[in-house]
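Notes follow the structure.
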Amino acid sequence: MLTIKEIQEIIPHRHPFLLIDYVEDYKPGEYAVGYKCVTYREDFFKGHFPGQPVMPGVLIIEALAQVGAVAILSQEEFKGKTAFFGGIKNCRFRGMVKPGDKLKLETNIVAQKGPVGIGKAKAYVDDKLVANAELTFMVGE
């Protein structure tokens, strides 16, 4: 398991854009499983949407990418670098994420050639799939 401090040693994201609270399991270059405990205090709920708070889908995808970045950037050759988005394919939103939800984030690295790769990502709330996508990443300075 990785704590916030340990996650911040691997990826460069910081508050308010660090969207994972802890990583339950990971294997460098292969996969990572993390969690975001969604609270009503999230800044995005002020405007998305007043009276009906829903976590923006793009932030769910970003959280999945951050979990994938933990898997990629924990490889020795990429320590201290940044993983950038190269693309998002086959993205589907299948449910809403609301305050009080515990968002489970899984990203499996299915292909990698040098600093470029692809991750299959899935997000769940209470074992219900709420989003999935294929994420392309590029590791840079």
Side-chain angles (χ1 to χ4, degrees), residues 1-50 52-141:
M1 186 169 132
L2 298 174
T3 65
I4 287 284
K5 184 176 180 185
E6 293 166 319
I7 292 166
Q8 289 177 329
E9 291 172 3
I10 298 170
I11 65 174
H13 302 78
R14 297 295 182 266
H15 179 78
F17 215 68
L18 179 59
L19 298 175
I20 50 179
D21 294 320
Y22 66 96
V23 171
E24 176 181 73
D25 191 20
Y26 75 106
K27 187 169 184 182
E30 292 188 26
Y31 71 89
V33 178
Y35 290 86
K36 166 74 174 152
C37 299
V38 182
T39 71
Y40 189 75
R41 295 177 55 112
E42 309 287 347
D43 285 336
F44 51 79
F45 285 137
K46 292 177 189 172
H48 200 269
F49 298 98
Q52 188 179 1
V54 177
M55 184 174 182
V58 296
L59 294 182
I60 297 168
I61 299 303
E62 173 64 27
L64 286 165
Q66 289 179 20
V67 168
V70 168
I72 292 303
L73 299 177
S74 60
Q75 295 177 92
E76 193 61 40
E77 65 267 31
F78 295 136
K79 287 189 186 224
K81 299 199 175 188
T82 301
F84 298 97
F85 262 125
I88 302 170
K89 287 174 63 175
N90 302 317
C91 181
R92 298 288 181 267
F93 299 105
R94 303 173 185 283
M96 291 188 275
V97 178
K98 300 176 180 179
D101 286 341
K102 185 175 182 181
L103 190 58
K104 182 178 183 181
L105 306 154
E106 299 178 352
T107 302
N108 293 295
I109 308 307
V110 296
Q112 183 178 345
K113 186 170 183 178
V116 178
I118 297 171
K120 296 276 187 179
K122 294 180 180 180
Y124 300 88
V125 172
D126 297 327
D127 295 323
K128 180 184 178 222
L129 183 66
V130 293
N132 63 286
E134 181 180 291
L135 308 175
T136 300
F137 63 86
M138 300 174 294
V139 177
E141 296 301 320

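Nothing here was measured: the structure is a model prediction, and the numbers come from that model.
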So do [Y] and [X] actually touch side chain to side chain, heavy atoms under 4.5 Å?
{"X": "Thr107", "Y": "Val70", "value": "no"}
{"X": "Pro115", "Y": "Met138", "value": "no"}
{"X": "Met55", "Y": "Leu103", "value": "yes"}
{"X": "Val97", "Y": "Leu59", "value": "no"}

What residues form a side-chain contact (heavy atoms from CB on, under 4.5 Å) with [X], not counting sequence neighbours?
{"X": "Glu42", "result": "Lys36, Val38, Thr39, Phe44, Phe45"}
{"X": "Met96", "result": "Val54, Lys98"}
{"X": "Ala133", "result": "Ile61, Ile88, Cys91, Leu135"}
{"X": "Lys79", "result": "Glu76"}

Write down the atom of [X], the atom of [Y], and the distance for their closest heavy-atom approach.
{"X": "Leu105", "Y": "Ala123", "result": "CD2-CB, 4.1 Å"}
{"X": "Leu2", "Y": "Ile10", "result": "CD1-CD1, 3.8 Å"}
{"X": "Leu73", "Y": "Ala83", "result": "CD1-N, 3.8 Å"}
{"X": "Gly68", "Y": "Ile109", "result": "O-CD1, 4.3 Å"}

How long is the straight-line distance from [atom2] of [Y] back to [atom1] of [X], given to the nearest 0.5 Å?
{"X": "Ser74", "Y": "Ile7", "atom1": "OG", "atom2": "CD1", "result": "11.5 Å"}
{"X": "Ile72", "Y": "Glu77", "atom1": "CD1", "atom2": "CD", "result": "9.0 Å"}
{"X": "Gln8", "Y": "Ile20", "atom1": "CD", "atom2": "CD1", "result": "9.5 Å"}

Using the side chain to side chain donor-acceptor pair (under 3.5 Å) criterion, which residues pair with [X]? Sequence neighbours excluded.
{"X": "Asp25", "answer": "Tyr31"}
{"X": "Glu6", "answer": "Thr3"}
{"X": "Lys104", "answer": "Glu106"}

> If you count the non-hydrogen atoms of other residues, nucleotides and ligands that lie under 6.0 Å from CZ in Arg14, is the total more than 12?
Replying inline: yes
> Among all residues two or more places apart in sequence or in another chain, which pass the salt bridge (charged side-chain N to carboxylate O under 4.0 Å, His left out) test with Lys27?
Replying inline: Glu30
> Who pairs with Lys5 by salt bridge (charged side-chain N to carboxylate O under 4.0 Å, His left out), at least two apart in sequence or on another chain?
Replying inline: none
>> Listing request: all ring-ring contact (aromatic ring centres under 6.0 Å, His included) pairs with a residue in residues 64-115, at least two apart in sequence or in separate chains.
In response: none
>> Listing request: all ring-ring contact (aromatic ring centres under 6.0 Å, His included) pairs with a residue in residues 8-30, at least two apart in sequence or in separate chains.
In response: Tyr22-Tyr35
>> Would the distance check show the side chain of Asp101 and the main-chain N or O of Val125 forming a donor-acceptor pair, the cut-off being under 3.5 Å?
In response: no
> Does the Glu62 side chain pair with the main chain of Leu64, one donor and one acceptor, at a distance under 3.5 Å?
Replying inline: no
> Applying side-chain hydrogen bond (donor to acceptor under 3.5 Å, both in side chains), which residue pairs with at least one partner in residues 125-141 are found, sequence neighbours left out?
Replying inline: Lys81-Glu141, Arg94-Asn132, Lys120-Glu134
